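Basis for what follows: all heavy atoms, side chains included, without hydrogens, waters or symmetry-related copies. Bear in mind that the values here come from a model prediction, so they are computed numbers and not experimental data.
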Amino acid sequence: MMKIVAGFLVLGLILCQAEGDYVLPKPNYNEVKVPRFQNATLPCEFSFIEGTQDMSFIWLREDIIEEIEVEDIYAYIQQTFEFKEPQVVYSFHDNHKALEDQSYAYQERVSVDKEEVGDGVLTLYMHRVDYQDEGLYTCRAIGPHGKGEIKLKVLIQEEEEPPVVMATEDNVTVAKCYSAGWYKVPIVTWYNRREEEISENSTIIVLEEKEDGSHRISSTLSSVKSHEIYHCHIRDAKKARRARTVHRKLKKGALREYGEF
């Protein structure tokens, strides 16, 4: 008897999800892609802002939600949804920045040009982004003449593209680049202005090493021409761990596979 009741409960939950495939419309996020370890600019501007008197705004960050399809009905219904408070990245109130609730991860790393705030420009500048900065960002403002919000999805590109400097070694001109980040298994790829790969003429030197086995490196490209433009790309062969909140989604047709209870 208990098995039958449990079966009906499971069936009811599944039918609720399967029938109404009605899903609340997802917010529209504009994507901002930033190379790893570079500085990010997150644009936000509102026309209703006229000065900073009685005006406040806030920048918030949430994890990107990744949906994975599952065929196991029980795995689907037994998942738990943990509510996470959005992180406060930056906030401004009463003519001053108000950072009492700012997330530790963004302290001393983000800024807003206060001179532009009164004109409605609330653009956020973030220093040296990494994978933990990837996420959904909301810029929300309210003032005497209106309110509004802008949503951005920040994606961190795996490759770092450090500046290239020309140098002379043993009376020969070379191109050099230095990594800003740390890599377990660094892979360096060089390109010319035509985006042709020319990595075969490059070498890698370890500058520093951490206890966890990660390295900061430099790369030297030989056989270069003084009038050419070169690009250095650095990535880690080890797959990155990105901040994600995972939701299980029942695969269509999974209910039929279970037949009758």
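- With E149 contributing its side chain and C139 its backbone, the two residues share no donor-acceptor pair below 3.5 Å.
- Atoms OG and CD, on S214 and E209 in that order, are 8.0 Å from each other to the nearest 0.5 Å.
- In this pair, F37 and Y183 present their aromatic rings perpendicular. The plane angle is above 60°, beyond the 30 to 60° band.
- Side-chain contact check for R36 versus E158: every heavy-atom pair is 4.5 Å or farther apart.
- In the hydrophobic clustering of ILVMFWY residues, with side-chain heavy atoms under 4.5 Å counting as a link, F46 and I58 come out apart.
- Between Y191 and H233, the ring planes lie perpendicular to each other; the angle is over 60°, past the 30° to 60° tilted range.
- Side-chain contact between S56 and I142 is present, with at least one heavy-atom pair separated by less than 4.5 Å.
- V188 and I234 make their closest contact through CG2-CG1, 4.1 Å (heavy atoms, listed as atom of the first residue, atom of the second, distance).
- Side-chain N or O atoms of R193 include none that pairs as donor or acceptor with a backbone N or O of H231 at under 3.5 Å.
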Which pairs would a plain distance check flag for residues 106-115, meaning a side-chain donor or acceptor within less than 3.5 Å of a matching protein atom at least two apart in sequence or in another chain?
from : atom 1 : to   : atom 2 : distance (Å)
Y106 : OH     : Y137 : OH     : 2.9
R109 : NE     : H127 : O      : 3.3
R109 : NH1    : A105 : O      : 2.8
R109 : NH1    : D133 : OD1    : 3.2
R109 : NH2    : H127 : O      : 3.1
R109 : NH2    : R128 : O      : 3.3
R109 : NH2    : D133 : OD1    : 3.4
R109 : NH2    : D133 : OD2    : 2.7
D113 : OD1    : E115 : N      : 3.0
K114 : NZ     : N95  : O      : 3.1

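- Between the side chain of S199 and the backbone N or O of W190 there is at least one donor-acceptor pair closer than 3.5 Å.
- Expressed to the nearest 0.5 Å, how far CG of L42 lies from OH of Y90 amounts to 14.0 Å.
- Between L60 and V88 the shortest side-chain heavy-atom distance falls below 4.5 Å.
- The minimum heavy-atom distance linking V34 with A40 is given by the pair CG2-CB, 3.7 Å.
- Between the side chain of D119 and the backbone N or O of V121 there is no donor-acceptor pair closer than 3.5 Å.
- The backbone N or O of L155 lies less than 3.5 Å from no partner atom in the side chain of E31, so there is not a single donor-acceptor pair.
- You'll find the side chain of L122 reaches within 4.5 Å of the side chain of I49, heavy atoms only.
- Residues V154 and E134 are not in side-chain contact: their nearest non-hydrogen atoms beyond the backbone lie 4.5 Å or more apart.
- With S219 contributing its side chain and T203 its backbone, the two residues share a donor-acceptor pair below 3.5 Å.
- Shortest non-hydrogen contact noted between D236 and V185 is OD1-N, 2.9 Å.
- Using a 4.5 Å heavy-atom threshold, the side chains of K225 and N192 count as separate.
- Using a 4.5 Å heavy-atom threshold, the side chains of F92 and M55 count as touching.
- For the pair R194 and E228, the minimum side-chain heavy-atom distance is below 4.5 Å.
- Contact detail for I150 and P43: the closest heavy-atom pair is CG2-O, 4.3 Å.
- The stretch residues 169-185 participates, sequence neighbours left out, in these salt bridge (Lys or Arg N to Asp or Glu O under 4.0 Å) pairs: E169-K176.
- Pairing each heavy atom of S218 with each of Y178, the nearest pair is CB-CD2, 3.5 Å.
- Pairing each heavy atom of A175 with each of M166, the nearest pair is CB-SD, 3.9 Å.
- Atom OG of S91 is separated from atom CH2 of W59 by 13.0 Å, given to the nearest 0.5 angstrom.
- Salt bridge status for R216 with E208: present, with a side-chain N to carboxylate O gap under 4.0 Å.
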